[in-house]
Amino acid sequence: MKKTAQTVIREGACYTIAAANGRVLEVADFNTENGASVRLWSYEGQPWQQWFFEEAADGQYRIKNRFTGKVMDLAMSGVANGTWIHQWSVTSGKGQRWQLVPADNGRFKIRNVLADKVIDLVGMRVDNGTQAQIWQDVFGENQLWNIQPVPDKLLEKDMPRPEPKKEAVKSTRTQTGTASRAKKTAGKGARRTTRG
């Protein structure tokens with residue numbers, strides 16, 4: 001069986017991070033805000049699907065999105081299995097530090113320094129929109145990543161400018177919580193009074 005060589009990570013070079021089916025990690029909806037989720041999507045050569053590996057310490061990197069300038073981070077600084085990966089402005093925290101662990105066929109496991117867990121996909125799915133998370137290393141295919149340099153011709157294209165977000169339409173759906181319980185209780189009380 002032919003062995004594939006590991007990609008050599010170079011400072012200042014830009015890379016894609018792809019699952020076995022070729023879909024890549026991207027910032028969801030090219031959102032530039034802190035907290036935007038990192039998910040899997042078909043590769044379209046877009047800058048929000050491309051990443052820099054910036055050295056944070058010996059053998060540790062911050063993984064910075066080319067489009068947003070923010071880095072992969074653990075939601076709420078969580079370290080439990082299933083903690084989602086999102087983007088955040090650079091801090092000194094270990095939740096933003098990652099190690100590349102060589103695996104078979106030139107692929108890598110991407111291990112978070114704080115949690116000692118690797119990048120994984122929710123539900124072991126590989127379809128568009130699957131959320132990236134951390135999980136203990138179980139030697140699963142969904143924990144192995146192809147890291148490939150982005151061709152220069154794609155880097156030479158003009159970068160799209162982030163568009164201001166339109167104001168979100170407020171949902172009319174009732175949320176659970178203290179306010180909705182108060183409304184429900186008031187409604188029940190009102191029904192009781194009219195019957196009695």
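Reckoned from all heavy atoms, side chains included, excluding hydrogens, waters and symmetry mates.
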Checking the side chain of Q131 only, and the main-chain atoms of V38 only, is there a donor and an acceptor separated by less than 3.5 Å? yes
Non-hydrogen side-chain atoms of F53 and I63 separated by less than 4.5 Å: yes
Sequence neighbours excluded, every pair satisfying side chain to side chain donor-acceptor pair (under 3.5 Å) that has a member inside residues 108-118: Q99-R111, K109-D137, R111-D116
Got a sec, which residues hit side-chain hydrogen bond (donor to acceptor under 3.5 Å, both in side chains) with Q143, two or more places apart in sequence or on another chain? D120
Answer yes or no: is there a donor N or O on one side and an acceptor on the other, between the side chain of N128 and the main chain of S42, under 3.5 Å? yes
same_hphob_cluster(V113, F108) at 4.5 Å side-chain heavy-atom cutoff: no
Residues that D152 engages under side-chain hydrogen bond (donor to acceptor under 3.5 Å, both in side chains), provided they are two or more places apart: none
Check: R62 side chain, T91 main-chain N or O, donor-acceptor pair, under 3.5 Å: yes
When you compare the side chain of W51 with that of T16, does any pair of heavy atoms fall below 4.5 Å? no
Compare every heavy atom of Q133 with every heavy atom of G123, then report the nearest pair and how far apart it is. N-NE2, 4.5 Å
Quick one: closest heavy-atom pair of Q50 and G45, and the distance? NE2-O, 3.4 Å
Which residues share a ring pair (Phe, Tyr, Trp, His ring centres under 6.0 Å) with F52, sequence neighbours left out: none
In the single-linkage hydrophobic clustering (I, L, V, M, F, W, Y; side-chain heavy atoms under 4.5 Å), do I17 and L121 co-cluster? yes
Is V122 isolated, or which residues cluster with it under the ILVMFWY side-chain rule of less than 4.5 Å, directly or via members? W84
Once you round to the nearest 0.5 Å, how far does CD of Q49 lie from CZ of R39? 9.0 Å
For the residue pair V101 and V118, establish whether any side-chain heavy-atom pair is separated by less than 4.5 Å. no
Between V150 and V24, is there a shared hydrophobic cluster once you connect ILVMFWY residues whose side-chain heavy atoms come closer than 4.5 Å? yes
Tell me the closest heavy-atom pair linking A19 and L40, and the distance in Å. CB-CD1, 4.1 Å
Using the ring pair (Phe, Tyr, Trp, His ring centres under 6.0 Å) criterion, which residues pair with W48? Sequence neighbours excluded. F30, F67
Got a sec, which residues hit side-chain contact (heavy atoms from CB on, under 4.5 Å) with A80, two or more places apart in sequence or on another chain? T83
Verify the cluster assignment for W98 and V79: are they in a single hydrophobic cluster under the rule of side-chain heavy atoms below 4.5 Å apart? yes
With D127, which residues qualify under side-chain hydrogen bond (donor to acceptor under 3.5 Å, both in side chains), at least two apart? R125, T130
Taking all heavy atoms of L100 and all of I9, pick out the closest pair and write down the distance. CD1-CG1, 3.5 Å
Under 4.5 Å between any side-chain heavy atoms of I110 and I147, yes or no? yes
Keeping to residues at least two apart or across chains, list the salt bridge (Lys or Arg N to Asp or Glu O under 4.0 Å) pairs with something in residues 93-106. D104-R107
Pairs under 3.5 angstrom only: tabulate donor-acceptor contacts from the side chains of residues 69-77 to other protein residues two or more places apart or in another chain.
residue : atom : partner : partner atom : Å
K70     : NZ   : T32     : O            : 2.7
D73     : OD1  : H86     : NE2          : 2.9
D73     : OD2  : Q96     : NE2          : 3.0

By side-chain hydrogen bond (donor to acceptor under 3.5 Å, both in side chains) - contacts of T68 (at least two apart): Q87
Which heavy atom of N105 sits nearest a heavy atom of N146, and at what distance? O-OD1, 4.5 Å
Any idea which heavy atoms bring I134 and G78 closest together, and the distance? CD1-O, 4.0 Å
Is the closest side-chain donor-acceptor distance between Y61 and E11 under 3.5 Å? no
Criterion side-chain contact (heavy atoms from CB on, under 4.5 Å) on V90 and K64, from CA distance to verdict: CA-CA 9 Å; V90 173; K64 180 178 168 186; 5.7 Å; no
Please list all pairs passing the ring-ring contact (aromatic ring centres under 6.0 Å, His included) test where one or both residues lie in residues 129-153, with sequence neighbours left out. none
After noting the C-alpha distance and the side-chain angles of I85 and L25, does the key distance pass the side-chain contact (heavy atoms from CB on, under 4.5 Å) rule? CA-CA 10 Å; I85 297 170; L25 293 178; over 6 Å; no
Taking the side chain from S37 and the backbone from A28, do they hold a donor-acceptor pair closer than 3.5 Å? no
